[in-house]
Amino acid sequence: MSQTTGASYASAGVDIEAGDRAVELMKEWVKKTQRPEVLGGLGGFAGLFDASALKRYERPLLASATDGVGTKVDIARQMGVYDTIGHDLVAMVMDDIVVCGAEPLFMTDYICVGKVHPERVAAIVKGIAEGCVLAGCALVGGETAEHPGLLGPDDFDVAGAGTGVVEYDRLLGADRIRTGDAVIAMASSGLHSNGYSLVRHVVFDRAGMTLDQQVDELGRTLGEELLEPTKIYSLDCLALTRTTDVHAYSHITGGGLAANLARVIPDGLHATVDRSTWAPGAIFDLVGKAGQVERLELEKTLNMGVGMMAVVPADSVDVALTTLADRGVESWVAGEITERGAHTTGAELVGDYAK
């Protein structure tokens, strides 16, 4: 007579022991992100942050944001490289927070996998922790969820949420912007983490390229270029607000440069950005030519070589550019703020890109 074995979590595809092993492996990386305000260690039900640190503020405003990295995770999966995608996650969350002038405080992550591979999960967390160090925030907790049957054994996705703080009277935004202000562009490190559905369609489906293909104009393989981590500007932006009178920032993500800049331009004013002030990197030209993508379509999907923009008074430009240069951030004056005409929108690109 045959015997049947009762169902278990393991037989359903969830490996609790592997999850525990992943937590042990990630602890050393999380520890590197700790700030003095963080209480307790990894493993509790909630991350703790000592809010008494906010007493030095007259009227503290908490800023929060959440995001993921989109289909760029598929590039990491195909390449088997998992320790950089976390940089992208931190950048997408914390660089949204710093736009209003807020100092990043802490972050939590969510990693969803088809099957827990402890070393793989730990590598993802390592990247997140390294990104948190670059953003000046603590990684106070997170969740790793195993979803067998919904995701393949090698499939994964990541998301995160962050919190920052800014003094009420130091809040940056549209109400500070004035006619005559200069628009300063900060160079991106590449595609960052937006538009990968278009990029993947172009390079794989239309151009038939492979990730291990050496591309002369890129100076490396296609995969290495596509997996280049998103630049994290948080501490650079905070340094800029300390040295000069920044009026607003714009994080250039999904939707492109003009649409994101327009989000911080007040009614009645207009931002004109001159394409001739910079030359987008080779990857943007490659995507455009390989997919016969029109320029306007590229510009509303990709960052075109600009990852962050700052709006500052004209007399603050020299100090702003010097501050960013001292921090190793390539930047330049890309445009100006003027009165809005009858047929203009919040922001537009004019001219042709430099060669």
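Positions are given from 1 along the sequence.
- No donor-acceptor distance shorter than 3.5 angstrom exists from the side chain of Glu297 to the backbone of Glu294, with no hydrogens or angles considered.
- Cluster membership for Val90 and Val98, using ILVMFWY side-chain heavy atoms within less than 4.5 angstrom, is not shared.
- Taking CG of Asp95 as the start and CD1 of Ile97 as the end, the distance is 9.5 Å to the nearest 0.5 Å.
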What side-chain donor-acceptor pairs closer than 3.5 Å can you find for residues 75-83, not counting sequence neighbours?
| from | atom 1 | to | atom 2 | distance (Å) |
| --- | --- | --- | --- | --- |
| Arg77 | NE | Asp74 | OD1 | 2.9 |
| Arg77 | NH2 | Asp74 | OD1 | 2.7 |
| Gln78 | NE2 | Asp74 | OD2 | 2.8 |
| Tyr82 | OH | Arg120 | NE | 3.4 |

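- Side-chain atoms of Asn194 and Met92, non-hydrogen and from C-beta on, do get closer than 4.5 Å to each other.
- Placement of Val203 and Leu198 within a single hydrophobic cluster is found when ILVMFWY residues are connected by side-chain heavy-atom separations under 4.5 Å, directly or transitively.
- When all heavy atoms are compared, the tightest approach of Asp96 to Ala65 is CB-CB, 4.1 Å.
- Comment: Glu299 engages Arg275 in a salt bridge, judged by a side-chain N to carboxylate O separation of less than 4.0 angstrom.
- A donor atom on one side chain and an acceptor atom on the other are found under 3.5 Å apart for Ser188 and Asn303.
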* **side-chain contact (heavy atoms from CB on, under 4.5 Å) evaluation trace for Ile283 with Val199** => CA-CA 10 Å; Ile283 185 60; Val199 172; 5.6 Å; no

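- Contact annotation: the side chain of Val311 never approaches that of Val246 to less than 4.5 Å [non-hydrogen atoms, C-beta and beyond].
- You'll find the side chain of Leu191 reaches within 4.5 Å of the side chain of Tyr196, heavy atoms only.
- Within a 6.0 Å sphere centred on CD of Glu217, other residues, nucleotides and ligands contribute more than 12 heavy atoms.
- Tracing side-chain contacts under 4.5 Å through hydrophobic residues (I, L, V, M, F, W, Y), one reaches Met304 starting from Val183; they form part of the same cluster.
- Salt-bridge annotation for Asp157 and Lys72: absent, with no side-chain N of the basic residue lying under 4.0 Å from a carboxylate O of the acidic one.
- Both Val158 and Val93 are members of a single hydrophobic cluster when ILVMFWY side chains are connected at heavy-atom separations under 4.5 Å.
- Under the 3.5 Å distance criterion, the side-chain polar atoms of Thr244 are left unmatched by any main-chain donor or acceptor of Leu240.
- Here the closest non-hydrogen pair linking Cys100 and Ala63 is SG-CB, 3.9 Å.
- With hydrogens and angles disregarded, a donor-acceptor distance shorter than 3.5 Å links the side chain of Thr322 to the backbone of Asp318.
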Identify each donor-acceptor pair in which a side-chain atom of residues 207-214 lies under 3.5 Å from a protein atom, sequence neighbours left out, and give them as a table.
| from | atom 1 | to | atom 2 | distance (Å) |
| --- | --- | --- | --- | --- |
| Thr210 | OG1 | Asp212 | OD1 | 2.8 |
| Gln213 | OE1 | Thr210 | N | 3.3 |

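- One distance of note links CG of Leu235 with CZ of Arg327; it measures 6.0 Å at 0.5 Å rounding.
- Side-chain contact between Val273 and Leu261 is present, with heavy atoms from C-beta onward closer than 4.5 Å.
- Distance check: Ser276 OG to Lys355 NZ gives 12.0 Å after rounding to the nearest 0.5 Å.
- Hydrophobic clustering (side-chain heavy atoms under 4.5 Å, transitive across Ile, Leu, Val, Met, Phe, Trp, Tyr) groups Leu302 together with Phe204.
- Side chain of Tyr168 to backbone of Pro60: no donor-acceptor contact under 3.5 angstrom is found.
- For the pair Met94 and Pro104, the tightest heavy-atom approach, listed with the atom from each and the gap, is SD-CB, 3.5 Å.
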* To do: Give the C-alpha distance, both sets of side-chain angles, the deciding distance and a yes or no for side-chain contact (heavy atoms from CB on, under 4.5 Å) between Ile184 and Leu321.
  => CA-CA 8 Å; Ile184 292 177; Leu321 294 178; 4.0 Å; yes

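- The aromatic rings of Trp278 and Tyr353 stand perpendicular to each other, their planes meeting at an angle above 60°, with 30° marking the opposite boundary.
- If you take CG on Asp155 and SG on Cys112, they are separated by 9.5 Å, rounding to the nearest 0.5 Å.
- Rounding to the nearest 0.5 Å places CZ of Phe284 at 9.0 Å from CG of Leu298.
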* Asked: Which is it for Ile124 and Ile85 under the side-chain contact (heavy atoms from CB on, under 4.5 Å) test, yes or no, and what are the steps along the way?
  -> CA-CA 7 Å; Ile124 295 171; Ile85 204 76; 4.2 Å; yes

Donor-acceptor contacts, no H, no angles, side chain residues 159-167, under 3.5 Å, sequence neighbours left out:
| from | atom 1 | to | atom 2 | distance (Å) |
| --- | --- | --- | --- | --- |
| Glu167 | OE1 | Glu58 | N | 2.9 |
| Glu167 | OE2 | Glu58 | N | 3.1 |
| Glu167 | OE2 | Arg59 | N | 2.5 |

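- Nearest heavy-atom pair, His192 versus Gly307, reported as atom, atom and distance to 0.1 Å: CE1-CA, 3.8 Å.
- Salt-bridge annotation for Arg220 and Glu228: present, with a side-chain N of the basic residue lying under 4.0 Å from a carboxylate O of the acidic one.
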* Report the C-alpha distance between Arg56 and Glu103 in whole Å, list the side-chain angles of each, state the deciding distance to 0.1 Å, and finish with yes or no for salt bridge (charged side-chain N to carboxylate O under 4.0 Å, His left out). => CA-CA 13 Å; Arg56 69 179 186 271; Glu103 174 193 357; 3.5 Å; yes

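- Nearest heavy-atom pair across Ala271 and Ile337 is CB-CD1, 3.7 Å.
- Formation of a donor-acceptor pair under 3.5 Å by the Asn260 side chain with backbone atoms of Gly256 is found in this model.
- The two residues Glu146 and Val116 make their nearest non-hydrogen contact at OE2-N, 2.9 Å.
- Under a 3.5 Å cut-off, the side chain of Ser189 and the backbone N or O of Pro229 do form a donor-acceptor pair.
- In this structure, the separation between CG on Asp274 and CG on Leu349 is 9.5 Å, given to the nearest 0.5 Å.
- Under the 4.5 Å side-chain criterion, counting only non-hydrogen atoms from C-beta, Tyr233 is not in contact with Leu134.
- By the neighbour-count criterion of 12 heavy atoms within 6.0 Å, atom CZ of Arg176 is densely surrounded, having more than that number from other residues, nucleotides or ligands.
- You'll find the side chain of Val306 reaches within 4.5 Å of the side chain of Trp332, heavy atoms only.
- Looking at heavy atoms from C-beta onward, Leu324 lies out of side-chain contact with Asp326 at the 4.5 angstrom threshold.
- The closest side-chain heavy-atom distance from Arg206 to Gln292 is below 4.5 Å.
- No donor-acceptor contact under 3.5 angstrom links the side chains of His270 and Glu339, judged on distance only.
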* Applying side-chain contact (heavy atoms from CB on, under 4.5 Å), run through Leu286 and Val215 and close with a yes or a no. => CA-CA 10 Å; Leu286 185 152; Val215 182; 3.7 Å; yes

